[in-house]
*Asks:* 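I am attaching a structure below and will ask some questions about it afterwards.
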Amino acid sequence: MLTEKGLTVNGTVTKEEFTTFGLYHFKKFHTITFYFVLVVVFLIFAIPTSTMVELDVYIYFIGLYGVISLVSSLLVLLIGRTAVKVRTSKEYKSDPLIQNKITYTISENDIQQTFGRSAGYFEWSNLRSVHENKDMFRLYVSKSKAIILPKRFFDSSSEIDQFKKLLRDQVDDRKVKFM
């Protein structure tokens, strides 16, 4: 809702949204780990074999090692994603504040976060980075702590557009990553 104070949005972050935030947060790490394991496992098998067998047989082994390394990478990725889901689920259950309705008033000066009788203020300059995903905005105030703003908190797509305009106007372009 747009008021004279600014754009006001509110809602309660669900456990699923908090888990999705965790998956988005670790996506880059999971991608790097996937490719690292893929290459390392492949090389562990391929290098010693290259001196042991003839070329026509080696080509067969290369394919086999490719499959083994791909399966290993997928297994590591699955374990990593499962660990994030378990960790975020436990974190959500242990944090009563995130389970409450939170109201954000977003103005040209700052972002005000209100829950219950408590309030916090974030100046635009305090934001380290801003990321838009298909279902939420993540406004990082530290390396691992973010304001999670699900898009369902906004009443309309025009409010989302107004919010994105405020982000463009108030946050350095290098810190903002829209879809």
Side-chain angles (χ1 to χ4, degrees), residues 1-3 5-35 73-116 118-179:
M1 169 182 4
L2 189 60
T3 65
K5 290 183 179 181
L7 179 64
T8 301
V9 298
N10 62 62
T12 304
V13 175
T14 66
K15 185 172 116 179
E16 292 76 22
E17 288 167 335
F18 194 71
T19 300
T20 301
F21 159 73
L23 292 172
Y24 287 147
H25 180 73
F26 285 103
K27 184 177 181 178
K28 185 176 181 180
F29 174 76
H30 286 159
T31 302
I32 290 168
T33 303
F34 174 84
Y35 286 112
S73 293
L74 289 172
L75 186 61
V76 168
L77 181 64
L78 179 64
I79 291 169
R81 289 178 58 89
T82 301
V84 167
K85 288 179 180 182
V86 168
R87 184 175 150 259
T88 55
S89 178
K90 284 181 180 179
E91 191 174 335
Y92 184 83
K93 288 176 185 174
S94 71
D95 186 354
L97 293 179
I98 194 121
Q99 298 174 35
N100 291 325
K101 181 178 179 181
I102 302 174
T103 300
Y104 294 97
T105 303
I106 304 151
S107 70
E108 292 179 359
N109 301 322
D110 57 16
I111 299 171
Q112 178 184 352
Q113 179 184 47
T114 309
F115 45 94
S118 302
Y121 295 88
F122 300 95
E123 293 181 13
W124 290 107
S125 61
N126 292 344
L127 297 180
R128 290 179 54 129
S129 66
V130 176
H131 300 266
E132 178 189 16
N133 299 100
K134 65 180 179 172
D135 51 354
M136 71 177 59
F137 292 96
R138 296 175 290 138
L139 287 66
Y140 283 90
V141 293
S142 72
K143 187 175 181 181
S144 59
K145 184 179 178 185
I147 298 170
I148 304 169
L149 277 175
K151 289 185 177 177
R152 66 177 180 78
F153 282 15
F154 296 87
D155 290 334
S156 65
S157 60
S158 66
E159 281 189 0
I160 292 173
D161 292 339
Q162 290 170 338
F163 177 62
K164 288 168 79 169
K165 182 181 181 329
L166 270 171
L167 290 171
R168 275 190 220 96
D169 293 345
Q170 302 300 327
V171 182
D172 185 346
D173 290 343
R174 295 172 292 186
K175 295 180 178 181
V176 179
K177 294 170 183 73
F178 290 132
M179 286 191 335

*Asks:* In Å and rounded to the nearest 0.5 Å, what is the OG1 to CG distance from Thr12 to Asn100?
*Replies:*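 The OG1 atom of Thr12 sits 7.0 Å away from the CG atom of Asn100.
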*Asks:* Measure the OG-CD distance between Ser94 and Gln99 for me, rounded to the nearest 0.5 Å.
*Replies:* 8.5 Å
*Asks:* Should we say atom CZ of Arg138 is surrounded by more than 12 heavy atoms from elsewhere, each under 6.0 Å from it?
*Replies:* yes
*Asks:* Does CD in Glu123 sit with more than 12 non-hydrogen atoms of other residues, nucleotides or ligands closer than 6.0 Å?
*Replies:*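 Check fails, neighbour count at 12 or below.
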*Asks:* Let me confirm one number: the CH2-CG distance from Trp124 to Asp169, rounded to the nearest 0.5 Å.
*Replies:*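 Rounded to the nearest 0.5 Å, the CH2-CG separation comes to 9.5 Å.
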*Asks:* Thr8 and Thr105: which non-hydrogen atoms are nearest, and at how many Å?
*Replies:* OG1-OG1, 3.6 Å
*Asks:* Tyr92 vs Thr88, test: side chain to side chain contact (heavy atoms under 4.5 Å, CB included). Steps then yes/no.
*Replies:* CA-CA 6 Å; Tyr92 184 83; Thr88 55; over 6 Å; no
*Asks:* Heavy-atom count around Lys27 NZ within 6.0 Å, excluding the residue itself: above 12?
*Replies:*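 At most 12 heavy atoms, drawn from other residues, nucleotides or ligands, come within 6.0 Å of this atom.
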*Asks:* What are the two closest non-hydrogen atoms of Leu149 and Phe163, and how far apart are they?
*Replies:* CD1-CZ, 3.6 Å
*Asks:* Just to verify, what does Lys145 make a side chain to side chain contact (heavy atoms under 4.5 Å, CB included) with, not counting sequence neighbours?
*Replies:*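 Testing Lys145 for side chain to side chain contact (heavy atoms under 4.5 Å, CB included), a comparison that skips the adjacent residues, returns Val141, Ser142.
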*Asks:* Using the test side chain to side chain donor-acceptor pair (under 3.5 Å), find all partners of Arg87 that sit at least two apart in sequence or belong to another chain.
*Replies:* none
*Asks:* If you look at every heavy atom in Phe21 and Ala146, which pair is closest and at what distance?
*Replies:* CE1-CB, 3.7 Å
*Asks:* If you round to the nearest 0.5 Å, how far is CG of Leu127 from CD1 of Ile147?
*Replies:*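 Nearest 0.5 Å value for the CD1-CG distance: 6.0 Å.
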*Asks:* Is there a side chain to side chain contact (heavy atoms under 4.5 Å, CB included) between Thr14 and Arg152? Walk through the geometry before answering.
*Replies:* CA-CA 11 Å; Thr14 66; Arg152 66 177 180 78; 3.7 Å; yes
*Asks:* Are any of the side-chain heavy atoms of Lys101 and Asn10 separated by less than 4.5 Å?
*Replies:* yes
*Asks:* Can you name the nearest heavy-atom pair linking Met179 to Asn133, along with the distance?
*Replies:*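 Smallest heavy-atom distance, with atoms named: SD-C, 3.2 Å.
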*Asks:* Can you tell me how far CG of Asn109 sits from CD of Gln170, rounded to the nearest 0.5 angstrom?
*Replies:*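 The CD atom of Gln170 sits 7.5 Å away from the CG atom of Asn109.
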*Asks:* For the side chain of Thr19 and the backbone of Lys85, is there at least one donor-acceptor N/O pair under 3.5 Å apart?
*Replies:* no
*Asks:* What do the steps show when you test Met136 against Ile148 for side chain to side chain contact (heavy atoms under 4.5 Å, CB included), and what is the final call?
*Replies:* CA-CA 7 Å; Met136 71 177 59; Ile148 304 169; 3.9 Å; yes
*Asks:* What residue among Thr82, Leu77, Leu75 forms side chain to side chain contact (heavy atoms under 4.5 Å, CB included) with Ile79?
*Replies:*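 Answer after filtering Thr82, Leu77, Leu75: Leu75.
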*Asks:* For a 4.5 angstrom cut-off between non-hydrogen side-chain atoms, does Gln162 reach Phe154?
*Replies:*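 No, every pair of side-chain atoms sits at 4.5 Å or beyond.
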*Asks:* Can Leu7 and Tyr104 be said to form a side chain to side chain contact (heavy atoms under 4.5 Å, CB included), step by step?
*Replies:* CA-CA 8 Å; Leu7 179 64; Tyr104 294 97; over 6 Å; no
*Asks:* Looking at Arg174 and Asp172, what are the two nearest heavy atoms and their distance?
*Replies:*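 Smallest heavy-atom distance, with atoms named: NH2-OD2, 2.6 Å.
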*Asks:* Considering residues at least two apart in sequence or located in another chain, which fulfil the side chain to side chain donor-acceptor pair (under 3.5 Å) criterion with Lys164?
*Replies:*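 Checked Lys164 against side chain to side chain donor-acceptor pair (under 3.5 Å); matches are Glu132.
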*Asks:* Supply the atom-to-atom distance Arg168 CZ to Asp173 CG, rounded to the nearest 0.5 angstrom.
*Replies:*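 The CG atom of Asp173 is 9.0 Å from CZ of Arg168, to the nearest 0.5 Å.
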*Asks:* Side chains of Val130 and Lys175: closer than 4.5 Å at any heavy-atom pair?
*Replies:*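 They are not in side-chain contact.
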*Asks:* Kindly check if the number of other-residue, nucleotide or ligand heavy atoms within 6.0 Å of CZ (Phe29) is above 12?
*Replies:* no
*Asks:* Stepwise, does the side-chain hydrogen bond (donor to acceptor under 3.5 Å, both in side chains) test hold for Tyr24 with Asp135?
*Replies:* CA-CA 11 Å; Tyr24 287 147; Asp135 51 354; 2.8 Å; yes
*Asks:* Determine whether Glu159 and Phe153 make a side-chain contact, defined as any pair of heavy atoms from C-beta on separated by less than 4.5 Å.
*Replies:* no
*Asks:* Might you point out which heavy atoms bring Phe122 and Asp110 nearest each other, and give the distance in Å?
*Replies:* O-CB, 3.3 Å
